Amino acid sequence: MAEWNISTPTTEYYDHTSPDLHKIVAEVADTPEVAIDTETTGLTVWRDVPLYWSLAWGTRRMTLNVSALPYFEEVFRMPNKRWIFANAKYDTHILANVGVHIAGELADIQVQHALLYDDRSHSLKDINEELFGWRWADFQDTFGRITKKQSAEDRIRRAENENFPLLVEYAANDAWGTLQCYIELSKQLQNAPTHSLFRNSPPYIETLWDLYQKVEVPYTKVLWKNERNGVLIDEEYIAKIEPIARQEIQALEKAINREAGRVLNPNSTKQLQDYFFGKLQLQPLKMTKGGKSGVRNPSVDKGFLEHYAATVPMANHVLQHRSLTKLYGTYISGIKELMDPHGRIHTRYNQDVARTGRLSSADPNLQNIPKAEKDKWKLRGAFIAPKDRELIVADYEQLEMRLLACASLEPGMCEVIHKGWDIHMGNASMIFGYPYEEIKEAKRIEKEVKKGNLPENALTARMHECLIARDTVKTLGFALIYGMGPDKLARALKITRAEAEAKIVLFNDKYPAIEQYAQDAVRETMETGYAFTVLGRRRNLPQIASHRKDERMQAERQARNTPIQGSAADVVKMAQLVLDQLGLDVRYDCHSQMQVHDELMHECPKEGTEFLKAEIKMFMECPFSEHLAVPLAVDAGSGHSWLEAK
DNA sequence: TTAGCGGGCGCG
DNA sequence: AAAGCGCGCCCGCTAA
């Protein structure tokens, strides 16, 4: 009858009154690997609690009432157990909310699945369908849709009364499906050989199982701690900005309506297109992609608006309106709902979404908060340390460039790094021939002029040339390895296409190993089907053999980029693991609370700041040190807020 | 009323 | 003919 390739034993049910409960507790205590899942009041990790939970091992599957949870407390404290989850961080937050802390290992089938099949969905139900052809009704189909009026708790409570067996079956399916996936995916990981991007690679990664078990499993707990700690938000700071921001936005909207002579919503792409290209008959600079319908329209993006900002008042107004409303919606009016009762926000770090192995961050996304230079309200100033504590912010200096040097072994670039030169100034010197000291001096003078300590004319024409060379080479480096075309490069550098092409030729002439690396990366991906990182993480790129040229070219650019971006992610990940293993939290009350790709933020007692800053810097610089052709460098600062610490 | 998509844009 | 990569969020628009 069943179409799926999986058996589903009869489901057991227990609560605190079940006479056999002590037997189950004893059995779980004797079982080394147990799958577990929770059904909860909602999805907010710092607030919601379990209502039911389910277990599966061997041929047993059961749903338990939350009232049975306390009887397992000792079992959860046992250190040598492996608890198998689908999205381990979520369930362990929910359990921690009722005082249950898991000492054993946190296995996660979503993380496993992401290592093997980076380009597919990693949700529990999708994985089961993919592996076994087994799909059971999801939460919504079982309990009804969660809306503003009907919470997850409401839905489950109703099922409790109306169709209890259905609830019991649903919860047990989740744990059972998780267990079956774990068994299958573990096998597949063990049978998946991999290798490092570098020949002199870390020797401890031979299969994807090694990567999973040695890196990703402990990393889940590190992320859990980061999420749990959260970051303190200065509520007064936000409250002070809010009315000012709202007023500025309203003033701009008034100006826009006056200019248009009617009500014009500046957030509407369509209305803007009508205005600029219909009413004003402006010349489009480029077209949008067209999307599903394939209808390409003239773009009203930032580039277009900036082009007309000086001559068309509306363009200038819309430009300002965009940057203000973006910040307001996301970080001023939006952030309050995400704060816990102690004023902290708890972002979710997603370990299995970015194809390169990077993290992503959501609710809120802490990885795209504006930099201070661009942000008139200085939102980073709202991220603070509590009284008597301090924030330490440490970030890698040009991590991707250093890894590119390692991957390409380009002698010029390696030399620049070994000399301890600033990478972009050094590269500019190597490629355009200006003496390094002269570029450095030009940069110094520029800084003084900007500060107002020196007059404008302190910057000579020659110095100006030096600075242009430095900016050019910085853009060139990123552009070329990732496959940017000469057209876009010309636009980025504000030069002609012919000039851009000449600069590309010069760059490749002086740094030939860079383009060689890129070609090797593409060739390896064509041969193996994968792009590899330093830890042997691999990204499936089947489109590299596509007969469609645009698809193939995109895959080629991804094949160039992934080893660098992914290896950078590996480095930071290893650094976080090392810092966690040092036990800075238990030994010095110093807690990691944020990762922004190449930057880590810790919160510590004020008096420990200087020591801990040095400690963090040292251990961030050490991952893979014996395997890399050039050293890594970390810049660490501290302060009361994110703004001050940088 | 809601879901999904696309445009646009912030970060590294 | 045209070509950086990787994310998440806001908004408007459209379909159901």
Side-chain angles (χ1 to χ4, degrees), chain A residues 118 140 145-149 265-273 286-305 318-319 321-335 338 347-350 353-375 379-380 395-396 398-401 404 475-492 497 518 521 531 539 541 549-566 568-569 572 595-599:
Chain A
D118 61 87
Q140 182 178 315
R145 215 157 35 78
I146 296 168
T147 64
K148 275 178 191 150
K149 288 182 181 166
N265 183 348
N267 290 319
S268 165
T269 308
K270 211 177 156 204
Q271 290 183 35
L272 289 180
Q273 282 161 348
K286 63 174 191 182
M287 305 298 276
T288 61
K289 271 196 276 203
K292 200 166 52 170
S293 63
V295 181
R296 294 162 66 93
N297 287 310
S299 170
V300 286
D301 66 3
K302 203 172 161 184
F304 168 84
L305 296 173
V318 173
L319 212 47
H321 187 268
R322 276 216 185 130
S323 70
L324 295 190
T325 48
K326 168 100 187 182
L327 293 184
Y328 183 81
T330 313
Y331 298 111
I332 299 178
S333 71
I335 204 123
L338 296 169
T347 196
R348 291 182 299 112
Y349 288 106
N350 201 324
V353 45
R355 309 267 226 268
T356 53
R358 267 191 177 182
L359 289 180
S360 80
S361 151
D363 301 327
N365 180 356
L366 293 182
Q367 296 178 324
N368 72 342
I369 302 210
K371 306 193 266 206
E373 311 88 77
K374 281 199 167 187
D375 173 10
L379 281 169
R380 291 189 180 211
D395 64 319
Y396 286 94
Q398 282 94 30
L399 180 55
E400 291 200 3
M401 273 295 159
L404 176 62
T475 306
L476 262 174
F478 286 113
L480 292 188
I481 44 164
Y482 302 150
M484 192 190 277
D487 245 354
K488 186 148 186 187
L489 181 66
R491 241 179 293 152
R497 192 197 157 109
R539 177 180 182 180
L541 287 170
K549 193 172 180 184
D550 53 344
E551 269 183 10
R552 196 171 64 245
M553 300 289 273
Q554 188 183 358
E556 286 181 9
R557 292 194 296 273
Q558 290 164 334
R560 294 163 161 235
N561 175 276
T562 297
I564 305 299
Q565 185 182 120
V572 181
Q595 190 249 45
V596 189
H597 305 307
D598 64 354
E599 169 179 336

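Below, chain A is the first sequence line, B the second, and so on; all start at residue 1. On a predicted model such as this, the values are computed, not experimentally measured, just so you know.
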Engineer: For Lys549(A), which contact category applies under a 4.0 Å heavy-atom criterion: base, sugar-phosphate, or nothing?
Structural biologist: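 If one applies the 4.0 Å heavy-atom cut-off, Lys549(A) turns out to touch a base.
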Engineer: How long is the straight-line distance from NE2 of His321(A) back to CG of Asn265(A), given to the nearest 0.5 Å?
Structural biologist: 7.5 Å
Engineer: Identify whether any heavy atom of Ser299(A) sits under 4.0 Å from a base atom; if not, whether one sits that close to sugar-phosphate; answer base, sugar-phosphate or nothing.
Structural biologist: sugar-phosphate
Engineer: Using a heavy-atom cut-off of 4.0 Å across all strands, would you classify Arg539(A) as base, sugar-phosphate, or nothing?
Structural biologist: sugar-phosphate
Engineer: Quick one: which of dG8(B), dC11(B), dG12(C) gets closest to the side chain of Ser268(A)?
Structural biologist: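 Comparing dG8(B), dC11(B), dG12(C) against the side chain of Ser268(A), the answer is dG12(C).
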Engineer: Ignoring hydrogens and geometry beyond distance, is the side chain of Arg560(A) in donor-acceptor contact with the base of dG4(C) at under 3.5 Å?
Structural biologist: no
Engineer: Counting only N and O atoms by type, is there a donor-acceptor contact under 3.5 Å from the side chain of Arg358(A) to the main-chain atoms of Gln565(A)?
Structural biologist: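 Answer holds: no.
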Engineer: Does Thr562(A) reach a base, just sugar-phosphate, or nothing at all? Heavy atoms under 4.0 Å.
Structural biologist: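 Touches nothing.
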Engineer: Whole-Å distance between dC9(C) C1' and Asn267(A) CG?
Structural biologist: 13 Å
Engineer: Find out whether Val572(A) and Leu399(A) are in side-chain contact, i.e. whether some heavy atom of one side chain is under 4.5 Å from a heavy atom of the other.
Structural biologist: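 Yes, their side chains come closer than 4.5 Å.
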Engineer: Tell me which nucleotide among dA3(C), dC7(C), dC9(C) gets nearest to the side chain of Ala354(A).
Structural biologist: dC7(C)
Engineer: With a cut-off of less than 4.0 Å, is there a side-chain N or O of Lys371(A) near OP1 or OP2 of dC11(B)?
Structural biologist: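 So the side-chain polar atoms of Lys371(A) never come under 4.0 Å of the phosphate oxygens OP1 or OP2 of dC11(B).
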Engineer: If I take atom CD in residue Glu373(A) and atom P in nucleotide dG10(B), what distance separates them, rounded to the nearest angstrom?
Structural biologist: 13 Å
Engineer: Strictly below 4.0 Å: does Arg557(A) bring a side-chain N or O up to OP1 or OP2 of dC5(C)?
Structural biologist: yes
Engineer: In whole angstroms, how far is the P atom of dG4(C) from the CD atom of Gln554(A)?
Structural biologist: 11 Å
Engineer: Any base atoms under 4.0 Å from Arg497(A), or only sugar-phosphate, or nothing? Heavy atoms, all strands.
Structural biologist: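 No contact.
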Engineer: Can you check the Asn365(A) CG to dG8(C) P distance for me, whole Å?
Structural biologist: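 After rounding, the gap between these two atoms is 7 Å.
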Engineer: When you measure from the side-chain N and O atoms of Thr147(A) to the phosphate of dT1(B), is any distance below 4.0 Å, counting only OP1 and OP2?
Structural biologist: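 So the side-chain polar atoms of Thr147(A) never come under 4.0 Å of the phosphate oxygens OP1 or OP2 of dT1(B).
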Engineer: Searching all strands shown, indicate the nucleotide that pairs with dG4(C) (Watson-Crick or G-U wobble; both distances under 3.5 Å).
Structural biologist: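 Matched dG4(C) with nothing under the 3.5 Å cut-off.
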Engineer: State whether Ser360(A) places a side-chain N or O below 4.0 Å from either non-bridging phosphate oxygen (OP1 or OP2) of dG8(C).
Structural biologist: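 Result: yes.
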Engineer: Return yes if some donor-acceptor pair links the side-chain N/O of Thr347(A) with the main-chain N/O of Ala362(A) below 3.5 Å, else return no.
Structural biologist: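 Answer holds: yes.
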Engineer: Rounded to whole Å, please give me the gap between CG in Leu480(A) and C1' in dC5(C).
Structural biologist: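 Rounded to the whole Å, the gap is 14 Å.
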Engineer: Using a cut-off of 4.0 Å on non-hydrogen atoms, how would the nucleic acid contact of Asn265(A) be classed: base, sugar-phosphate, or nothing?
Structural biologist: sugar-phosphate
Engineer: So, OP1 or OP2 of dT14(C): does either fall under 4.0 Å of a side-chain N or O from Lys270(A)?
Structural biologist: yes
Engineer: Identify which nucleotide among dG8(B), dG10(B), dG12(B) has an atom closest to any side-chain atom of Thr269(A), counting heavy atoms from C-beta outward.
Structural biologist: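 The closest nucleotide is dG8(B).
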Engineer: Indicate, with a heavy-atom threshold strictly under 4.0 Å, whether Arg322(A) touches base, sugar-phosphate, or nothing.
Structural biologist: sugar-phosphate
Engineer: Please report the distance, rounded to the nearest Å, between OH in Tyr349(A) and C1' in dG8(C).
Structural biologist: 14 Å
Engineer: Between dG4(C) and dG8(B), how far apart are the two P atoms, rounded to whole Å?
Structural biologist: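 One P to the other, the span is 16 Å.
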Engineer: Taking atom C1' of dG6(C) as reference, at what distance in whole Å does atom CE of Met484(A) sit?
Structural biologist: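 Whole-Å distance recorded here is 14 Å.
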Engineer: Please measure how far the C1' atom in dC9(B) lies from the corresponding atom in dA1(C), and state the result in whole Å.
Structural biologist: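 26 Å, rounded to whole Å.
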Engineer: Does any nucleotide pair with dC5(B) by Watson-Crick or G-U wobble geometry, both distances under 3.5 Å, and what is it?
Structural biologist: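 Partner of dC5(B): dG12(C).
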Engineer: Check whether any side-chain N or O of Arg560(A) sits under 3.5 Å from a backbone N or O of Leu480(A) as a donor-acceptor pair, and report yes or no.
Structural biologist: yes
Engineer: What is the distance from CD of Gln271(A) to P of dG12(C), rounded to the nearest Å?
Structural biologist: 9 Å
Engineer: Looking across every strand, which nucleic acid part, if any, lies under 4.0 Å from Asp550(A) by heavy atom: base, sugar-phosphate, or nothing?
Structural biologist: nothing
Engineer: Look up atom CZ in Phe478(A) and atom CD in Gln398(A), then write down how far apart they are to the nearest 0.5 Å.
Structural biologist: 7.0 Å
Engineer: Distance check, rounded to the nearest 0.5 Å: Tyr331(A) atom OH versus Asn368(A) atom CG?
Structural biologist: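 Spacing of OH (Tyr331(A)) from CG (Asn368(A)) equals 3.5 Å.
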Engineer: For Gln558(A), which contact category applies under a 4.0 Å heavy-atom criterion: base, sugar-phosphate, or nothing?
Structural biologist: sugar-phosphate
Engineer: Considering every strand and a 4.0 Å limit on heavy-atom distances, what is the contact class for Ala479(A): base, sugar-phosphate, or nothing?
Structural biologist: nothing
